[in-house]
Amino acid sequence: MLKTALRSSLGSFIISLHLAAVMAVLVGLQRWKQRGRDALQARMKTQPQIIIFWHEYLFVMSPLLPGGCSALQSPHPDGKVLAGASRLFGLRPIWGSSNRKAASGLRQLVAEVKSGRSVVITPDGPRGPARTLSMGPVSLAQLTGAPITLVAWSAPRLWRANSWDRMRFPKPFGRAKLVFSEPVMLEKTKDKATLEAQRLALEEQLNAQAAA
């Protein structure tokens with residue numbers, strides 16, 4: 001029945017509404033301590049940003065991100081439901097992923113950045129391996145010159161899904177911390193070894209921020 005609803009426009013819309021409501025409730029029932037958000041919003045006014053975070057943080061991230069961004073979304077039916085929920089928080093979907101329609105997704109993200117919109121990527125999604133950064137953010141930064149902002153949230157009380165990414169859900173009435181990094185500017189290069197070094201450096205920094 002759920003699969004049938006996901007393939008129906010009306011069913012998908014209704015599920016997206018319910019999903020957005022759950023996201024909003026989980027975020028709203030936390031005491032959030034945020035760092036770097038104001039600085040990110042100030043940067044977004046003068047230059048589009050590439051915002052990245054691990055897939056495990058995805059479920060409650062839409063209400064926490066600054067509005068007016070475009071987000072890379074999986075074209076699978078469940079990805080479209082998530083995109084529908086994210087739209088309600090001001091995120092515009094770009095269809096693609098690290099392993100399906102990747103080239104098309106990258107071209108659309110480049111167009112979004114060049115039009116002045118900041119973009120959001122989960123660089124280990126949609127299927128992992130978890131906390132392994134794809135080349136997408138590096139390629140996008142090289143093509144656009146946009147800086148990269150890394151994001152992570154933490155909470156001492158949370159649920160973890162039995163999924164490849166161990167998706168996180170903060171338990172209600174707790175305290176949580178949300179951190180946006182300083183901008184990371186990548187040196188322009190076409191050297192494959194340097195590009196791989198940039199990818200590894202971002203992966204290490206994102207993992208370090210997630211562990212903090």
Side-chain angles (χ1 to χ4, degrees), residues 34-58 61-75 79 82-83 86-87 89-126 131-153 178-210 212:
Q34 301 192 27
R35 189 174 79 226
R37 182 188 180 91
D38 291 343
L40 171 61
Q41 289 180 309
R43 294 196 301 272
M44 288 172 61
K45 292 178 181 178
T46 60
Q47 183 182 17
Q49 308 288 305
I50 300 168
I51 301 168
I52 66 173
F53 51 86
W54 292 135
H55 198 273
E56 67 194 73
Y57 298 103
L58 181 63
M61 196 64 84
S62 293
L64 296 171
L65 291 171
C69 298
S70 297
L72 189 65
Q73 300 278 5
S74 169
L82 181 60
S86 298
R87 275 184 195 270
F89 299 104
L91 295 176
R92 185 162 73 188
I94 297 296
W95 303 113
S97 71
S98 59
N99 53 22
R100 285 193 65 190
K101 300 185 179 180
S104 173
L106 180 60
R107 285 194 298 270
Q108 292 180 77
L109 287 170
V110 169
E112 292 293 292
V113 172
K114 289 186 174 180
S115 75
R117 289 181 67 89
S118 295
V119 297
V120 178
I121 304 173
T122 53
D124 59 342
R131 296 197 177 191
T132 298
L133 194 102
S134 70
M135 192 57 78
V138 174
S139 299
L140 185 58
Q142 289 291 334
L143 290 168
T144 64
I148 299 173
T149 297
L150 294 72
V151 189
W153 65 262
L178 176 68
V179 178
F180 297 89
S181 76
E182 292 293 318
V184 178
M185 294 296 300
L186 299 186
E187 176 190 358
K188 275 278 192 180
T189 183
K190 293 184 178 179
D191 179 70
K192 290 184 178 180
T194 304
L195 291 170
E196 174 61 11
Q198 291 177 346
R199 187 196 70 78
L200 285 172
L202 282 173
E203 181 176 289
E204 290 174 5
Q205 186 175 343
L206 196 51
N207 278 325
Q209 189 165 323

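Every heavy atom of this structure was used, including side-chain atoms; hydrogens, water molecules and symmetry mates were not. Residues: numbered from 1 along the sequence shown.
- Atom CG of residue Leu40 and atom OG1 of residue Thr149 lie 5.0 Å apart, to the nearest 0.5 angstrom.
- Looking at Ile94, Leu109, Ile51 one by one, the single match for side-chain contact (heavy atoms from CB on, under 4.5 Å) with Ile121 turns out to be Leu109.
- When all heavy atoms of Val151 and Met61 are compared, the closest pair comes out as CG1-CE, 4.0 Å.
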>> Is there a side-chain contact (heavy atoms from CB on, under 4.5 Å) between Ser118 and Arg43? Walk through the geometry before answering.
In response: CA-CA 10 Å; Ser118 295; Arg43 294 196 301 272; over 6 Å; no
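- Considering only residues two or more places apart in sequence or on other chains, Glu56 meets the side chain to side chain contact (heavy atoms under 4.5 Å, CB included) condition with Trp54, Arg131, Arg160, Asp165, Arg168.
- Counting all heavy atoms, side chain and backbone alike, Pro147 lies closest to Gln49 at CG-OE1, 3.3 Å.
- Among residue pairs with one or both ends in residues 178-197, those qualifying as salt bridge (charged side-chain N to carboxylate O under 4.0 Å, His left out) are Glu196-Arg199; sequence neighbours excluded.
- In this structure, CG in Leu195 is found 6.0 Å from CE in Met135, a value given to the nearest 0.5 Å.
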> Given Asn207 and Glu204, is the side-chain contact (heavy atoms from CB on, under 4.5 Å) satisfied, shown in steps?
Replying inline: CA-CA 5 Å; Asn207 278 325; Glu204 290 174 5; 5.8 Å; no
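- No side-chain heavy atom of Phe53 sits under 4.5 Å from any side-chain heavy atom of Leu64.
- Ser181 contributes a side-chain N or O that, together with a main-chain N or O of Leu150, makes up a donor-acceptor pair within less than 3.5 Å.
- Remark: Tyr57 engages Trp153 in a ring pair (Phe, Tyr, Trp, His ring centres under 6.0 Å) (not counting sequence neighbours).
- Here the closest non-hydrogen pair linking Leu91 and Pro66 is CD2-O, 4.5 Å.
- Remark: Leu140 CG to Leu186 CG distance equals 10.0 Å, nearest 0.5 Å.
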>> Determine whether Gln198 and Thr189 satisfy the following criterion, side-chain contact (heavy atoms from CB on, under 4.5 Å), listing intermediate values before the conclusion.
In response: CA-CA 10 Å; Gln198 291 177 346; Thr189 183; 4.0 Å; yes
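- Formation of a donor-acceptor pair under 3.5 Å by the Gln209 side chain with backbone atoms of Val179 is found in this model.
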>> If you apply the rule side-chain contact (heavy atoms from CB on, under 4.5 Å), what do you find for Ser104 with Arg107, and how did you get there?
In response: CA-CA 5 Å; Ser104 173; Arg107 285 194 298 270; 3.8 Å; yes
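- Within the 4.5 Å cutoff, the side chain of Arg117 has no heavy atoms near those of the Pro48 side chain.
- Side-chain atoms of Phe180 and Arg35, non-hydrogen and from C-beta on, never get closer than 4.5 Å to each other.
- The distance from the OG1 atom of Thr144 to the CD1 atom of Ile50 is 4.5 Å, given to the nearest 0.5 Å.
- Summarising the geometry, atom CD belonging to Gln205 is positioned 8.0 Å from atom CD1 belonging to Ile52; distances are rounded to the nearest 0.5 Å.
- Between Ile148 and Pro137, the shortest heavy-atom contact is CD1-O, 3.9 Å.
- Across all their heavy atoms, Glu203 and Leu133 have their closest contact at OE1-N, 2.8 Å.
- Across Gln47 and Gly145, no two heavy atoms sit closer than the pair NE2-O, 3.6 Å.
- Atom-to-atom distance recorded for Asp124:CG and Thr122:OG1 is 6.0 Å, nearest 0.5 angstrom.
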